[in-house]
Amino acid sequence: MSTHWNDEATEILGKAFSGAAAALTAQGVPARHYVVPDCDGYAPVTGGAADVWCLEAEFGAALRNPGESVFAVFQAFDPAHPHLGFAFLGQRRVADGTPVSDHRLPRWRYRYDNLFCYTFMPAVNDLLAPLDPTGKGSSQVVGVHHGSITAPDYLSVPRKVATLRNDARRQGQHAVIWADFKAPFSEAAVRLVRRSIQGSWPMHLIPRAAQASHVRVPTRLPDGTIGYFEDFSASLDEGIILARDYLAGRKAA
């Protein structure tokens, strides 16, 4: 089964992704956008293949892994819920662009954590809002937190969590949803912040599950072929299903 974006959505996505890539590049974060046609990477949760719209921003060299680089990913993958997005910080080999599928990576340099929280996420949080079928300008991003942060970053976790939460709420999302979460030290700080600021607006931190996910996140290699990130757990599926419930009105914020 294959699902397709309609002409209006395709036009909106093209403008939104090209605009975001240009804006990030202008801020000193080299970015590109492209489409992976008829991709079945998300089919385990969407029920069919679809064109996947991709935005990638290059952060720089990977910590302790020579020859590899770290980059941020944002994708729109579900024509049935066009205002649903996926965000992720990944790692790949510089020589051939091959994605490194390892939930223990990347190691988040302090600068990369700042770029992701204060530059990349604000640029993508409301990128899909114009596609809201209700016309209310809402959207939902599901994030995956792989890897670990460096020691200097621990003290900044509470402020960054609060900023991510406030930005997402202001930019029309229903909740904060982070899946595949397994970072013991930062997780404790995140959960403390969640308890202190939760109020009536939800934050979902879905821990990494023992069962593997069948979702594969595509990325285009320099030779034009497609590689995939695959080391996700079933908590990613849970996060996407939860996000779809919010967008379909089956779950109230």
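- Within a 6.0 Å radius of CD in Gln27, more than 12 heavy atoms belonging to other residues, nucleotides or ligands are found.
- For Phe86 and Phe77, the ring centers are positioned 6.0 Å apart or more.
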Take Trp178 and Val142 through the side chain to side chain contact (heavy atoms under 4.5 Å, CB included) test and state the conclusion after the steps. CA-CA 6 Å; Trp178 283 92; Val142 177; over 6 Å; no
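- Contact check for Leu128 versus Phe74: side-chain heavy atoms found under the 4.5 Å cut-off.
- One finds the CG atom of Leu127 at 11.0 Å from the CD1 atom of Ile12 (value rounded to the nearest 0.5 Å).
- Judged purely by atom type and a 3.5 angstrom limit, Ser233 has no side-chain atom pairing as donor or acceptor with the backbone of Ala210.
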Between Tyr34 and Glu56, is the side chain to side chain contact (heavy atoms under 4.5 Å, CB included) condition met? List the steps. CA-CA 9 Å; Tyr34 57 90; Glu56 296 178 356; 2.5 Å; yes
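- For the pair Val36/Gln75, no side-chain contact is recorded, criterion being any heavy-atom separation below 4.5 Å from C-beta on.
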Passes side chain to side chain contact (heavy atoms under 4.5 Å, CB included), Leu24 versus Phe120? Steps please. CA-CA 7 Å; Leu24 287 165; Phe120 187 75; 3.9 Å; yes
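- One finds the CD1 atom of Ile206 at 9.5 Å from the CD1 atom of Ile240 (value rounded to the nearest 0.5 Å).
- Nearest heavy atoms, Pro99 versus Thr219: CG-CG2, 3.9 Å.
- Judged by distance alone, the side chain of Arg111 and the main-chain N or O of Phe59 form a donor-acceptor pair under 3.5 Å.
- Inter-residue side-chain proximity for Asp78 and Arg244 is flagged as met; some heavy-atom pair is nearer than 4.5 Å.
- Annotation: the span from Glu68 atom CD to Thr98 atom OG1 amounts to 10.0 Å, rounded to 0.5 Å.
- In the hydrophobic cluster analysis, where Ile, Leu, Val, Met, Phe, Trp and Tyr join through side-chain heavy atoms closer than 4.5 angstrom, Val94 is grouped apart from Val100.
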Would His81 and Gln140 count as a side chain to side chain contact (heavy atoms under 4.5 Å, CB included) here? Give the steps. CA-CA 10 Å; His81 298 82; Gln140 186 61 55; over 6 Å; no
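- No donor-acceptor pair under 3.5 Å is formed between the side chain of Thr119 and the backbone N or O of Asn114.
- Note: Leu84 CG to Asp132 CG = 12.0 Å, rounded to the nearest 0.5 Å.
- The heavy-atom pair separating Cys39 from Pro218 by the smallest distance is SG-CG, 3.9 Å.
- Residues Pro79 and His4 come closest through the heavy atom pair CB-O, 3.5 Å.
- Pairing each heavy atom of Phe71 with each of Glu58, the nearest pair is CB-OE1, 3.9 Å.
- The 12-atom threshold is not exceeded at CG of Asp7, counting heavy atoms of other residues, nucleotides or ligands nearer than 6.0 Å.
- The heavy-atom pair separating Cys117 from Pro122 by the smallest distance is O-CD, 3.3 Å.
- Ser138 places none of its side-chain heavy atoms less than 4.5 Å from the side chain of Gln173.
- Once rounded to the nearest 0.5 Å, the distance linking OG1 of Thr225 with CG of Asp96 reads 9.0 Å.
- Linking Ile, Leu, Val, Met, Phe, Trp and Tyr whenever their side-chain heavy atoms come within less than 4.5 Å leaves Ile226 and Leu221 in two separate clusters.
- Summarising the geometry, atom CE belonging to Met121 is positioned 10.5 Å from atom CG belonging to Asp126; distances are rounded to the nearest 0.5 Å.
- Of all non-hydrogen atoms in Asp38 and Ala49, the two that sit nearest each other are OD1-CB, 3.5 Å.
- A side-chain donor from one of Ser213 and Asp237 sits under 3.5 Å from a side-chain acceptor of the other.
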